[in-house]
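Remarks on the structure that follows.
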Amino acid sequence: MAFPLAFLFAGLEIFLCLWGSWQVWRARLERKITLLLLLLFNFALVGRILLVAVGIHGQRMAVGLGETYLAFGIAIGLWLLLRAQRNQTLTRSLLLVIPWLFLVAGLAIFQARFPEVIWRRGIYLLPRQALPALGAFLGWLFLAMGMVIFALRQARQIHQPMHRARFAYWAIILLLFALDGLNTFVWSLPNIHPWRSGMIWTLVYLFTHHRVRPLRKVLRTGLIYLSTFLLLVLLYLLSSLASERLFGQRAGYDPRWSGGVIALGLALLFTPLLNQIEKQINRWLRIQTPDISRIVQLYSQNISTILEMQRLAQVAVALIMETAGLAHGFFFLVERTEEKERPSFRLRAVRYPGERQIRQLELPEDHPIVTFFLSRAQPLLQYDLDLLPEFRSLSPLESEWFGALRAEVYVPVFSRGNWIGLFAFGPRLNQQPFSEEDLALLTSLAQQTAIAIENARLVEDLVRLNRELRQTASALEKAQREVERLDRTRADFISIASHELRTPLTVIRGYVEMLLEKEELDPEIRTFLKGVHESTLRMYNIVESMFAITQLTHQLSPIQSESVDVGALVQEAALQLTSRLAQRSLTLSIEIPPLPFIYGDRTLLSKVFFQLLENGIKFTPDGGRLHVRGQLQRPSQEFPQGAIELIFSDTGVGVALSEREAIFTKFYKSGDLNRHSTSKVRFMGGGTGLGLALCKAVIEAHQGRIWVESPGYDEVHFPGSHFHVLLPLRLPGGEKTIRMASAVRQKYP
């Protein structure tokens with residue numbers, strides 16, 4: 001009976017070695033671990049095949065020696081594998097193994113030089129043939145004790161539950177290794193090594209499964225199914241006995257039909273029976289199975305109305321910690337940035353009062369942690385960061401950042417495919433590792449948080465925007481007050497300067513005109529005096545414009561209103577400019593139909609029309625055309641009694657879209673300032689920048705409107721411009737009719 005059993009266990013061990021080698025090769029583990037596992041399995045495989053072959057030939061002594069050497073070889077492989085799995089260098093590990101290998105090899109080679117019996121005491125003796133086996137046994141014992149001491153030392157340094165769950169499998173492996181040694185050296189059962197087969201299977205499971213099932217869960221599952229199986233067997237036996245006793249004496253009784261009915265009944269009872277046994281065993285082992293749907297519903301109700309980010313983070317973390325039984329937790333907002341050469345994600349902690357400061361962490365888009373979250377959208381364990389090769393590229397700064405959190409699991413929060421948040425939670429209060437059910441619960445709660453985070457983020461952005469708007473409004477108000485102060489200062493300066501300059505200019509003008517009236521004046525001196533007179537008149541006009549703008553803008557003096565024929569005023573202004581039109585080969589046409597008289601200041605309006613025509617002459621190239629037309633506007637909300645519209649058109653350089661408003665401000669100069677000239681005739685000569693500002697002030701003082709229309713500024717194609725002037729119609733007091741002016745149709749020169 002022992003012979004077939006030995007071959008059965010030998011075949012099982014050979015199969016497990018082959019299967020384990022294939023699984024390890026397919027798992028693509030770290031190269032060092034893969035090499036050690038393959039060497040261990042193939043050494044055990046070759047050793048078992050050789051021992052089976054020797055056992056077939058009946059050499060029991062050789063089988064015993066082979067078992068000793070095989071046990072010693074497996075001890076060496078486990079020793080190297082254990083230290084490599086705990087990131088210990090293999091060089092130091094080999095220093096403890098190589099001397100024993102040389103010792104056993106030396107004893108095997110030079111055993112002929114030893115006496116036939118090396119040691120004897122009574123009936124006990126040590127023959128020289130057993131000397132190499134003794135060395136292998138002592139080496140096995142030394143390595144076994146070393147592994148136990150090393151494992152105990154490492155176990156004291158492990159604090160994370162997932163690492164403790166993984167190390168528990170090493171405890172099972174070492175226990176099976178010890179039982180295999182007892183089987184080899186004490187029990188001496190040839191080729192019967194169930195412990196070695198269990199050790200090989202456990203090694204394969206440990207290294208081909210990154211997240212191993214905790215032994216507590218394995219024990220729970222095993223107890224549930226074993227209890228269910230035994231209870232079903234017991235029920236089947238009892239039901240069969242009862243059926244036999246009750247119906248066995250009746251004619252036509254068939255035990256097969258009875259067994260089928262009993263099996264059908266047990267099949268219907270299987271699921272409720274399994275659930276009841278599961279609940280009972282969970283109660284015995286103190287394992288709680290949360291109602292995920294109920295928890296998610298309550299959690300969603302509690303956070304759905306929170307719109308403040310700091311409060312949301314505090315409540316969400318507290319609820320999840322309480323629900324899942326966690327030691328501590330943090331929440332980070334994840335913000336995508338494009339500030340550097342490549343996109344990155346910034347993790348910013350949302351802290352509540354009293355929480356320790358956590359600095360921001362920025363991870364590039366191709367970082368392994370970012371890649372993990374974006375591609376898998378599932379929780380990441382600190383256990384994964386410690387063990388998986390893909391995370392070994394973390395910098396010391398990043399490792400220190402994650403280590404300082406003392407977290408066990410990192411749960412991402414996604415909204416519409418975008419990574420917006422990250423929860424970091426510490427270990428469970430019961431010191432148990434996170435199960436798949438725990439991670440599923442945390443993932444569900446995190447996704448429920450996404451909507452609340454988006455709402456809180458919108459509110460946070462609105463608050464920030466309102467704060468920025470208030471600051472901007474305050475800054476604008478301050479700037480407006482400063483502009484008003486500067487405008488008042490400028491107006492005061494212009495008013496004072498123009499007022500103070502008018503008197504000396506009037507005196508200079510008067511004396512120069514008196515000198516020019518003398519007939520006996522030398523011609524050369526007369527030429528000089530004419531130049532002084534023209535410059536004085538130009539300066540006097542500038543001062544008058546500055547004074548008029550200041551008076552009109554700040555309403556320091558009322559306008560002198562009377563009935564005015566705008567057509568006649570335009571014609572008068574054109575007559576003053578006929579010489580300039582002739583010098584530049586320009587044509588001016590006026591087409592004004594019969595229009596009503598308006599009520600306004602004749603002098604100021606005359607200056608406006610003169611300035612608009614002069615402005616057209618300056619910015620129209622030689623040979624160009626100017627045109628003035630008028631029309632009557634019907635009553636509107638802006639002008640209840642109607643209005644007169646005059647349109648001053650030219651074929652000049654036009655006005656840029658961005659300058660349509662600016663050209664009506666004081667001292668504004670468009671184009672190149674180097675073209676500024678005092679010439680009144682030169683093309684694009686420019687001026688003081690007061691002409692259009694005066695026009696705007698005068699028209700607005702008459703409650704009218706002035707604006708410009710132009711396709712744009714172009715010194716090549718000359719798109720031209722159209723200045724529109726709207727002057728309201730008013731009936732003077734006591735009058736019931738409006739006088740009509742004559743039509744004006746004239747062409748100059």
Side-chain angles (χ1 to χ4, degrees), residues 545 548 551-552 555 557-581 586-617 620 625-651 664 691-692 694-710 720-749:
S545 298
Q551 297 294 315
L552 292 171
Q555 299 179 355
S557 62
I559 61 175
Q560 304 298 321
S561 296
E562 57 179 314
S563 294
V564 177
D565 181 358
V566 294
L569 292 183
V570 172
Q571 192 173 18
E572 291 175 5
L575 288 172
Q576 299 178 43
L577 296 169
T578 52
S579 61
R580 301 188 194 180
L581 292 170
L586 300 174
T587 59
L588 168 62
S589 57
I590 303 175
E591 295 182 4
I592 300 178
L595 295 174
F597 279 70
I598 66 168
Y599 199 64
D601 191 310
R602 179 186 298 273
T603 303
L604 293 177
L605 291 176
S606 179
K607 289 182 178 181
V608 169
F609 302 149
F610 180 87
Q611 182 60 47
L612 291 175
L613 290 174
E614 185 183 43
N615 192 72
I617 292 172
T620 300
R625 300 184 306 278
L626 286 82
H627 181 71
V628 181
R629 62 186 178 91
Q631 60 187 13
L632 183 64
Q633 293 285 347
R634 294 182 178 181
S636 62
Q637 186 175 2
E638 185 179 4
F639 302 107
Q641 297 180 0
I644 289 177
E645 182 179 13
L646 297 176
I647 303 172
F648 294 78
S649 304
D650 59 63
T651 58
F664 293 101
L692 292 178
L694 176 62
C695 294
K696 181 179 177 65
V698 171
I699 298 302
E700 289 182 350
H702 286 78
Q703 285 78 48
R705 251 187 338 118
I706 182 172
W707 72 93
V708 63
E709 293 178 355
S710 175
S721 57
H722 308 277
F723 285 85
H724 295 253
V725 176
L726 274 178
L727 292 170
L729 294 174
R730 292 189 182 86
L731 287 173
E735 295 187 12
K736 297 183 179 180
T737 59
I738 298 179
R739 296 171 54 194
M740 297 294 294
S742 301
V744 178
R745 287 180 175 84
Q746 191 72 34
K747 189 172 183 178
Y748 303 90

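- Side-chain atoms of Q611 and C695, non-hydrogen and from C-beta on, do get closer than 4.5 Å to each other.
- Checking side-chain atoms of T620 against main-chain N and O of G616 turns up a donor-acceptor pair under 3.5 Å.
- Put simply, the side chain of I644 reaches to within 4.5 Å of the side chain of V566, judged on heavy atoms.
- Here OG of S589 is found 10.5 Å from CD of Q746. Values are rounded to the nearest 0.5 Å.
- Remark: L581 CG to Y748 OH distance equals 9.5 Å, nearest 0.5 Å.
- When every heavy atom of S721 is checked against every heavy atom of V708, the shortest pair comes out as CB-CG2, 4.2 Å.
- Taking CZ of F609 as the reference point, atom CG of L577 lies at 13.5 Å (rounded to 0.5 Å).
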Would R629 and E645 count as a salt bridge (charged side-chain N to carboxylate O under 4.0 Å, His left out) here? Give the steps. CA-CA 8 Å; R629 62 186 178 91; E645 182 179 13; over 6 Å; no
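- Atoms CZ and CZ, from F597 and R739 in turn, are 4.0 Å apart once rounded to the nearest 0.5 Å.
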Test side chain to side chain contact (heavy atoms under 4.5 Å, CB included) on V698 and H702 and set out the steps. CA-CA 6 Å; V698 171; H702 286 78; 3.8 Å; yes
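- At distances below 3.5 Å, at least one donor-acceptor pair connects side-chain atoms of T651 with backbone N or O atoms of R625.
- Within the 4.5 Å cutoff, no side-chain heavy atoms of I647 are placed close to those of F723.
- A salt bridge does not link E700 with R705: none of the charged nitrogens is closer than 4.0 Å to a carboxylate oxygen.
- The side-chain contact (heavy atoms from CB on, under 4.5 Å) with Q633 is formed by just one residue from the set L729, L727, L726; it is L726.
- In this structure, Q631 CD and H724 NE2 are separated by 8.5 Å, a value rounded to the nearest 0.5 Å.
- Closest approach of A741 to D565, counting heavy atoms only: CB-OD1, 3.1 Å.
- By the 4.5 Å heavy-atom criterion applied to side chains, L646 and I592 are counted as neighbours.
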Between S561 and D601, does the side-chain hydrogen bond (donor to acceptor under 3.5 Å, both in side chains) criterion hold? Intermediate values first, please. CA-CA 5 Å; S561 296; D601 191 310; over 6 Å; no
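- Across every non-hydrogen atom of G630 and P593, the tightest pair is O-CD, 3.1 Å.
- In this structure the side chain of I617 reaches within 4.5 angstrom of the side chain of L626, judged on heavy atoms.
- Note that the CD atom of Q576 and the OG atom of S606 stand 6.0 Å from one another [nearest 0.5 Å].
- Between A574 and L588, the shortest heavy-atom contact is CB-CD2, 3.6 Å.
- Shortest non-hydrogen contact noted between L595 and L632 is CD2-N, 4.0 Å.
- Across all their heavy atoms, F648 and V570 have their closest contact at CZ-CG2, 4.3 Å.
- With hydrogens and angles left out, the side-chain atoms of H627 and S649 include no donor and acceptor closer than 3.5 Å.
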